[in-house]
Amino acid sequence: MATENTITRYSQSQIDNDRRVLELLSQNFGTISAASSEIINLEAILNLPKGTEHFVADLHGEDEAFRHILKNASGNIKRKVREIYGNDMRDSDLAQFCSLIYYPEQKLELIREEETDIDNFYNITLHRLVKVLQSVSSKYTRSKVRKSLPKEYAYIIEELLHEAPSGESKQKYYNRIVETIISTGQADDFIIAICNVIQRLSIDRLHILGDIYDRGQGAHIILDTLADYKGFDIQWGNHDALWMGAAAGNDCCIANVLRIALRYSNMDTLEEGYGINLLPLATFAMETYSGDECKVFRPKTDKTCTTEDARHRALLSLMHKAITVIQFKLEGQMIDRHPEWKMENRKLLNAMSSDFSIVTIKGKTYPMRDSNFPTIDPEDPYRLTEEEQALVNKLHRSFIISDKLSRHIQLLLNHGALYNIMNSNLMFHASVPLNSDGTLKEIEVMGQRHSGKALLQSIGVLMRGAFNDDTPADVKEYARDYYWYLWCGPDSPLFDKEAMTTFERYFIEDKSTHEETKGFYYLLREREDVVDSILDAFEVKGEHRHIINGHVPVKAGKGEKPVKANGKLMVIDGGFAKAYHNTTGIAGYTLVYHSRGFELVQHEPFSSTEEAIRLGTDIKSTTQLVELSQNRVRVRDTDKGIELQSQINELRELLYAYRNGMMKTH
């Protein structure tokens with residue numbers, strides 16, 4: 001094969017062997033000139049700095065914080081602006097300027113109300129924005145930048161980008177363009193367009209390492225945002241799998257989704273996002289648990305409680321209890337249906353005394369925090385009453401017929417997988433199951449035993465099977481059930497703990513019963529040799545290779561470090577969800593991988609979009625250099641570079657065939 005700065009000779013037999021590929025290439029590059037031009041173009045791209053990759057994990061429905069971090073590229077835009085204007089702008093002005101880049105439409109409304117000389121503002125701002133855009137676009141080809149530009153302003157923006165004023169005539173030409181934009185009343189639209197392009201070009205690839213869903217109010221808003229986003233991938237998390245299972249019609253998953261939403265008083269995603277009808281649940285709960293204070297089931301929320309809120313929370317508590325009892329019943333039935341999962345120890349309804357006052361677990365007896373269970377038959381505790389079954393059927397239908405939920409799950413399927421490998425980085429949400437000695441653990445899936453890469457691949461195929469029309473009925477049913485195992489099964493790569501102690505957390509005061517013993521991956525991932533063995537098993541190549549995952553919040557407030565195994569493993573779940581902030585002491589990590597290396601960004605809690613627009617506040621972030629490259633990483637050093645080099649080699653072979661008469665030009 002041809003390499004850079006060499007001329008390779010090809011035999012007639014080699015050309016004949018590769019003829020099919022070369023003929024396909026010739027359809028697009030039918031002349032010597034066309035093939036040569038494309039080689040020159042691709043060689044130029046190989047020498048550009050690599051694009052910036054942005055890694056986020058465990059968003060948990062916090063749409064405002066996610067969208068802000070997307071807009072500010074984890075602080076990269078502000079750092080870029082500071083590099084350019086740090087000596088020319090006060091900090092307060094710089095903050096307001098960055099706020100304009102993040103939220104141009106809303107910020108311009110405020111500025112128009114307050115600014116006394118709006119044309120002067122437009123003039124200064126347009127010049128500044130073009131300079132920032134020149135900086136963030138410098139690592140891309142003109143073609144790629146052009147594709148990011150809005151069609152109506154593409155020509156003018158290109159003129160401003162590539163005709164930087166270097167002489168008096170150029171300066172006049174440049175200034176005249178800006179003046180005309182203002183005089184024709186296009187300044188607002190033009191500023192908005194440039195700001196949006198700056199945002200887009202500041203992140204070349206977005207990696208989301210799981211758990212879009214859960215405690216926050218806006219998982220559906222996050223997915224709506226991603227639906228319009230270019231260049232992203234998702235590694236499914238346990239909460240994503242739970243919602244996928246619910247959308248597939250797994251009643252255990254549906255019950256868990258509802259229970260968690262009620263536990264955190266988060267109904268927006270269900271009701272406003274997906275139109276799930278919760279009236280049947282509310283009616284059933286009020287009829288069944290009337291008079292029950294449901295103290296154990298009061299929602300966890302930090303909102304100020306008015307009289308109206310108190311009534312609403314009382315209703316949520318009733319609904320919370322109703323669906324939790326139903327969940328435990330459904331899970332008991334699921335465990336009986338799949339004895340191969342060996343989860344009989346999680347059937348705890350039958351471990352309660354007949355009056356529900358005590359429960360016996362692992363030979364030890366504990367008092368129950370709640371003993372009012374009118375729908376549980378001590379003789380047959382996992383049987384749903386007729387009313388419960390009717391409710392389950394209604395909830396099942398509500399999830400199945402939600403068009404928007406279906407579209408969002410399809411988005412997860414189209415852009416997602418259990419793991420991804422890109423540029424020597426292995427990404428997954430939670431774990432790779434290990435034995436105590438650090439070797440890969442074999443797990444049985446539908447009668448076949450797999451470990452490591454093969455395990456995640458086989459589970460990924462099974463997960464997709466629940467949504468494919470051509471999946472055999474028995475496999476589809478198993479796949480649908482398996483989503484619940486992924487949520488809480490001991491050998492699930494999305495959970496990997498001995499047990500999910502949901503029952504104990506609700507009903508037993510003794511917190512020692514709440515502990516969830518982690519799998520060996522979490523215990524051994526500090527070891528460099530273990531991380532290396534996992535990377536080897538997944539065939540991750542490269543001198544600088546890493547595992548990047550989330551799932552378990554890093555307790556930064558207690559001194560825990562997100563970088564492990566001598567820098568080869570990075571955990572970027574610092575806790576986006578507000579519910580985690582007291583535990584972690586921060587509000588999440590993000591990871592940025594640009595041409596100069598890796599930067600880990602630790603974020604403080606986000607106040608609100610409104611404050612960011614009005615006051616220019618930003619997420620306070622602390623950047624830690626994880627790995628700095630001696631030389632800038634270029635496109636040729638990436639997976640994309642390998643792909644482009646392969647194309648160059650094929651084009652060189654085509655060019656040789658043209659020049660030597662082995663193939664005819666068009």
Side-chain angles (χ1 to χ4, degrees), residues 37 40-41 44-45 47-49 51 71-73 76-202 616:
S37 296
I40 294 167
N41 178 50
I45 293 173
N47 286 299
L48 288 171
K71 287 175 178 294
N72 78 356
N76 264 0
I77 290 177
K78 178 171 280 188
R79 284 191 286 276
K80 185 71 69 175
V81 170
R82 197 177 294 280
E83 286 175 10
I84 299 169
Y85 296 115
N87 295 324
D88 302 322
M89 295 175 70
R90 295 178 302 177
D91 285 348
S92 57
D93 294 335
L94 191 143
Q96 294 291 346
F97 180 61
C98 287
S99 176
L100 173 67
I101 294 176
Y102 308 154
Y103 303 98
E105 296 96 334
Q106 302 94 318
K107 192 69 177 178
L108 282 169
E109 286 184 20
L110 294 177
I111 290 169
R112 283 195 302 271
E113 293 174 2
E114 300 171 357
E115 183 59 57
T116 56
D117 189 348
I118 193 68
D119 284 357
N120 183 52
F121 163 80
Y122 285 146
N123 190 25
I124 293 171
T125 300
L126 282 166
H127 280 88
R128 285 175 172 171
L129 286 172
V130 169
K131 199 166 183 180
V132 175
L133 182 54
Q134 286 172 337
S135 178
V136 300
S137 65
S138 62
K139 62 172 63 175
Y140 301 113
T141 62
R142 287 195 181 192
S143 174
K144 183 160 184 173
V145 173
R146 189 179 301 119
K147 290 174 184 176
S148 298
L149 302 178
K151 290 182 181 178
E152 62 270 31
Y153 298 120
Y155 174 76
I156 302 173
I157 293 176
E158 279 199 279
E159 287 292 289
L160 292 173
L161 279 177
H162 304 302
E163 294 294 338
S166 54
E168 184 178 349
S169 59
K170 285 286 187 182
Q171 183 71 59
K172 288 181 178 179
Y173 172 72
Y174 189 91
N175 290 344
R176 187 58 185 161
I177 292 175
V178 173
E179 289 167 7
T180 306
I181 291 169
I182 297 169
S183 66
T184 55
Q186 297 298 303
D188 278 8
D189 289 344
F190 204 81
I191 286 171
I192 291 167
I194 292 182
C195 290
N196 288 334
V197 176
I198 290 171
Q199 290 179 34
R200 280 199 293 274
L201 294 180
S202 294

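Owing to the predicted nature of the structure, the values given are computational and were not obtained by experimental measurement.
Listed here is the closest heavy atom pair of Val136 and Lys139: O-CG, 4.2 Å. Nearest heavy-atom pair, Ser135 versus Ser138, reported as atom, atom and distance to 0.1 Å: O-OG, 2.8 Å. The minimum heavy-atom distance between Leu126 and Val178, with the atom names listed, is CD1-CG1, 3.9 Å. Residue Leu201 comes nearest to Tyr140 through the heavy atom pair O-OH, 2.9 Å, listed as atom of the first residue, atom of the second, then distance. Scanning all heavy atoms of the two residues, the minimum distance from Lys107 to Leu100 falls at CG-CA, 3.8 Å. The shortest non-hydrogen separation linking Ile194 to Val130 is CD1-CG2, 4.1 Å.
Judged by distance alone, with hydrogens and angles left aside, the side-chain atoms of Gln199 form a donor-acceptor pair with the main-chain N or O of Tyr102 at under 3.5 Å. A donor-acceptor pair is defined here as one N or O able to donate and one able to accept, closer than 3.5 Å; no such pair exists between the side chain of Ser99 and the backbone of Ala95. Looking only at distances, a side-chain donor or acceptor of Asn196 sits under 3.5 Å from a matching main-chain atom of Ile192.
Contact check for Val145 versus Thr141: no side-chain heavy atoms found under the 4.5 Å cut-off. Looking at heavy atoms from C-beta onward, Tyr103 lies out of side-chain contact with Leu108 at the 4.5 angstrom threshold. Side-chain contact between Asp189 and Tyr153: present, with at least one pair of heavy atoms (C-beta onward) separated by less than 4.5 Å. With a 4.5 Å cut-off on side-chain heavy atoms, Asp119 and Tyr122 count as touching. Within the 4.5 Å cutoff, the side chain of Ile156 has heavy atoms near those of the Phe190 side chain. Between Ser202 and Asn76 the shortest side-chain heavy-atom distance does not fall below 4.5 Å. Taking 4.5 Å as the limit, every side-chain heavy atom of Ile101 sits out of range of all side-chain heavy atoms of Lys78.
Between the OG atom of Ser137 and the CZ atom of Arg142 there is a distance of 10.0 Å, given to the nearest 0.5 Å. In this structure, Ile198 CD1 and Ile77 CD1 are separated by 7.0 Å, a value rounded to the nearest 0.5 Å. A distance of 14.0 Å separates NZ in Lys147 from CZ in Arg200, rounded to the nearest 0.5 Å. Taking CD1 of Ile84 as the reference point, atom NZ of Lys131 lies at 7.0 Å (rounded to 0.5 Å). The structure places CZ of Arg146 at 12.0 Å from OH of Tyr155, a figure rounded to the nearest 0.5 Å. The distance from atom CZ of Arg82 to atom CE of Met89, rounded to the nearest 0.5 Å, is 10.0 Å.
Considering Ile124, Val132, Thr125 in turn, Ile124 is the only one that fulfils the side-chain contact (heavy atoms from CB on, under 4.5 Å) rule with Arg128.
By the 30° and 60° cut-offs, the orientation of the rings of His127 relative to Tyr174 is tilted.
Between the side chains of Tyr85 and Asp93, no donor-acceptor pair is found at a separation under 3.5 Å.
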